[in-house]
Undergrad: 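Supplied in structure tokens, the structure appears directly below.
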Amino acid sequence: MNSIKIIAATGCPTGIAHTFMAAEALKIAAEKLGVEIKVETHGQVGIENALTKEDIREADGVIIAADKDVNIERFLGKPLLDVSVAKGIKDAEHLIQSIIDGKATPYKASKKAVSQANEEFEGSAGSKIGRAIYKHLMNGVSHMLPFVVGGGVLIAISFLFGIYSADPDHEQYNAFAAMLKEIGGIGFSLMVPVLAAYIGDSIAKRPGLVTGFIGGSIAFAGGAGFLGGILAGFLGGYVIVLLGILFSKLPRSLEGLKAIFLFPVFGILITGIIMTLCVEPMSAVNEGMMSFLGNFKDSSPIILGLIVGSMCAFDMGGPVNKAAYVTGTALLAQGDLYFMAGVSAACITPPLVTAFATVLFKKEFNESERNAGIANFILGSTHITEGAIPFAAKQPLVVIPILMVASSISAIMTYMFKVQVPAPHGGFLVLPVVTGAMQWVLSILVGSIIGGVAYGLYKKRTNQKQSAMTNETITS
Amino acid sequence: MNSILHANHICLHNHSTTQSEVFQKIAEMAVANNIATSIEEVIKGLENREKESTTGFMDGFAIPHTKSKAIKKPGIVIISLANGVEWNSLDGLPTKFVISLLIPEDEGGTTHLTLLSSVSRMLMHNDIRQNLLQAKDEDSILHELNQVI
């Protein structure tokens with residue numbers, strides 16, 4: 001009987017201990033079970049003992065024990081087990097035995113195949129798929145974050161020169177401020193495409209980056225906001241996964257053509273068409289929301305505040321938010337200074353919610369989130385709602401409702417205090433011209449702090465649950 | 001004598017009962033032995049790492065580690081615990097033997113990182129783990145570890 005050859009890759013975020021412990025555990029187990037193994041480690045010092053093409057070709061099976069990306073796409077068609085690094089340390093023997101017994105499913109370049117293999121192995125499909133989706137989202141958000149912070153802060157600085165300083169026809173015009181706003185604006189316009197691109201990249205590597213980028217650009221241009229961007233990222237990524245399955249029948253000689261020609265051309269075409277159709281109704285959504293809002297403009301402060309708050313925080317720059325904002329500026333032009341006050345309060349609140357949450361619940365956030373939280377004090381204070389997007393995009397189903405409630409509280413209180421805001425933008429920089437400035441700030445702070453506490457408590461709970469869950473899967 | 005691990009870096013039969021007490025002890029020893037400059041920073045670093053995932057693994061061993069600006073030179077601090085401490089470990093058993101790896105932020109060279117990873121590798125071997133748990137004094141622990149570093 002030919003001896004069985006197994007290859008493995010291990011990795012962990014710090015890359016100092018667990019990576020190597022898993023590698024060693026696999027080696028010990030392989031020796032015990034009498035199989036040959038080569039383990040590639042993705043540690044702090046980089047990749048060591050790298051697997052060659054030959055290694056991969058000769059291998060009978062692949063074990064990935066990693067909590068970071070170890071370039072899984074190399075192992076196309078190989079029987080593969082994809083588990084956490086902890087599992088590699090603890091269950092090395094079991095993993096190797098599964099490969100020997102032929103229990104691993106060949107890797108098909110689709111997340112589905114992998115999760116199926118793991119489903120069998122871990123018996124927890126739901127959390128695995130959930131984890132994969134979260135991983136893709138996080139990849140997009142972490143790449144988007146610097147665009148939001150960098151662009152946002154530059155725009156905020158330009159407002160210090162006066163909120164109309166970028167308007168050449170206005171007396172406040174300042175060429176330097178206009179340039180800052182222009183540069184920051186480019187950062188903002190790339191935010192949604194970058195989010196989509198790196199969600200796609202996480203799902204389907206470089207071909208997914210391309211489709212995600214273009215899908216995201218269509219979402220942005222079509223006014224679909226960051227929710228459109230998330231959709232574009234997942235769509236772009238899975239279009240490539242699908243094409244991968246369709247193209248898998250093609251002869252190997254066409255492999256090169258696939259990467260450079262077939263994936264980009266068909267991927268972009270399909271993603272582009274679907275996204276264009278998806279953003280088509282966005283202007284209708286926008287108009288519909290505007291006329292809906294128009295019906296309520298004279299209703300009680302509580303109802304109006306609830307609607308305005310929910311709309312502004314729902315998609316932060318998307319069609320629903322824009323509907324509220326544009327209605328506000330239109331009414332402002334007609335001399336209604338009350339309506340805009342609530343819209344501004346509701347737009348200022350979301351970034352402040354995240355800022356307060358990261359300050360009040362420091363321990364529940366990682367360092368980049370805490371830094372982004374500090375920046376959000378600036379972005380919130382200058383009416384740059386987009387600052388909250390990186391936070392919302394991570395757990396949209398929970399964070400967006402929290403932001404909607406927080407913005408509603410701010411808007412309701414603003415309407416109850418009958419605050420008047422004569423400027424369409426600028427946040428707290430326009431305080432000198434606000435009637436009822438103190439009450440306005442108070443309203444916003446109350447909404448933001450309530451939202452911040454709610455968000456912080458939610459983070460705390462999920463963090464606890466997560467550590468309990470990892471424990472569970474490990475000990476299962 | 002190897003500057004990464006020294007008899008002074010080892011504390012046997014420590015009476016800590018919680019993970020934070022162990023971290024406090026590690027940090028105090030690190031500062032006392034000129035490995036690090038700030039107790040708080042070392043504790044914070046160890047806590048943050050622990051938040052990502054537990055460093056406790058099997059048979060009562062844990063390897064809390066961190067990379068921090070407050071750490072001036074790479075070092076290993078070893079604490080054996082008189083009573084098992086809850087560490088959320090892989091096999092659920094309380095931790096009795098702690099090997100803490102401390103790495104400077106600007107550790108450019110790979111030599112030390114490799115040393116530290118060889119300590120992690122070594123701990124996967126059953127016989128070495130048994131020897132460490134049964135070690136009576138600092139010297140036998142040094143002897144055991146000096147085989148790899």
Side-chain angles (χ1 to χ4, degrees), chain A residues 10-32 39 41-49 66-68 84-93 362-370 459-460 463-464 466-476, chain B residues 20 44-59 61-69 71 74 76 86-93 98-129 148:
Chain A
T10 65
C12 61
T14 340
I16 289 165
H18 286 71
T19 305
F20 301 98
M21 287 161 67
E24 196 69 10
L26 287 167
K27 275 189 198 164
I28 295 171
E31 199 174 323
K32 194 172 163 196
V39 189
T41 51
H42 292 241
Q44 180 82 44
V45 292
I47 298 172
E48 288 172 291
N49 204 21
D67 294 339
K68 64 181 273 191
S84 67
V85 72
K87 199 118 187 156
I89 296 172
K90 191 170 173 277
D91 286 337
E93 257 186 69
K362 262 201 183 93
K363 283 191 168 173
E364 311 302 332
F365 293 90
N366 64 33
E367 203 181 339
S368 77
E369 286 171 325
R370 286 200 300 269
K459 273 291 259 191
K460 196 170 175 180
N463 285 351
Q464 278 165 357
Q466 215 163 30
S467 63
M469 236 173 62
T470 20
N471 216 13
E472 205 175 277
T473 43
I474 287 163
T475 45
S476 67
Chain B
S20 28
K44 207 169 92 191
L46 293 170
E47 279 173 351
N48 283 341
R49 171 60 188 84
E50 213 64 37
K51 242 181 252 163
E52 281 175 30
S53 69
T54 177
T55 61
F57 57 112
M58 290 170 291
D59 291 346
F61 277 82
I63 38 151
H65 52 275
T66 181
K67 198 172 172 187
S68 162
K69 268 185 206 129
I71 297 171
I76 298 176
E86 169 53 32
W87 211 281
N88 197 10
S89 65
L90 295 190
D91 59 358
L93 291 176
V98 178
I99 301 184
S100 185
L101 314 176
L102 304 168
I103 301 117
E105 179 77 45
D106 51 359
E107 180 60 57
T110 59
T111 341
H112 294 124
L113 291 172
T114 316
L115 276 181
L116 296 174
S117 51
S118 39
V119 173
S120 318
R121 280 178 184 275
M122 169 195 105
L123 289 175
M124 297 314 294
H125 293 267
N126 209 354
D127 46 334
I128 298 183
R129 286 206 297 271
V148 289

Undergrad: Quick check on the interface: out of B:Lys51, B:Met58, B:His125, who has the most heavy-atom pairs with chain A under 4.5 Å?
TA: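 The answer is B:His125.
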
Undergrad: Please state whether the side chain, the backbone, both or neither of A:Lys363 comes within less than 4.5 Å of a heavy atom of chain B.
TA: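 Contact with chain B: backbone and side chain both.
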
Undergrad: So among B:Leu123, B:Leu93, B:Asp91, which one has a side chain to side chain contact (heavy atoms under 4.5 Å, CB included) with B:Phe57?
TA: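 Of the listed options, the one satisfying the test is B:Leu123.
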
Undergrad: Roughly how far, to the nearest 0.5 Å, is OG1 of A:Thr10 from NE2 of A:His42?
TA: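 With rounding to 0.5 Å, NE2 (A:His42) is 7.5 Å from OG1 (A:Thr10).
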
Undergrad: Does any backbone or side-chain atom of A:Thr41 lie under 4.5 Å from a heavy atom of chain B? Answer side chain, backbone, both or neither.
TA: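 The side chain, not the backbone.
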
Undergrad: Side chain from CB out, backbone as N, CA, C, O: work out which of these in A:Ile28 comes under 4.5 Å of a heavy atom of chain B, or both, or neither.
TA: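 Only the side chain of A:Ile28 comes within 4.5 Å of chain B.
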
Undergrad: With side chains defined as the heavy atoms from C-beta onward, is the minimum distance between B:Pro64 and B:Glu50 less than 4.5 Å?
TA: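 With C-beta onward as the side chain, the pair touches.
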
Undergrad: Drop me the distance from A:Lys87's NZ to B:Leu90's CG, to the nearest 0.5 angstrom.
TA: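 Output value for this atom pair is 10.5 Å.
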
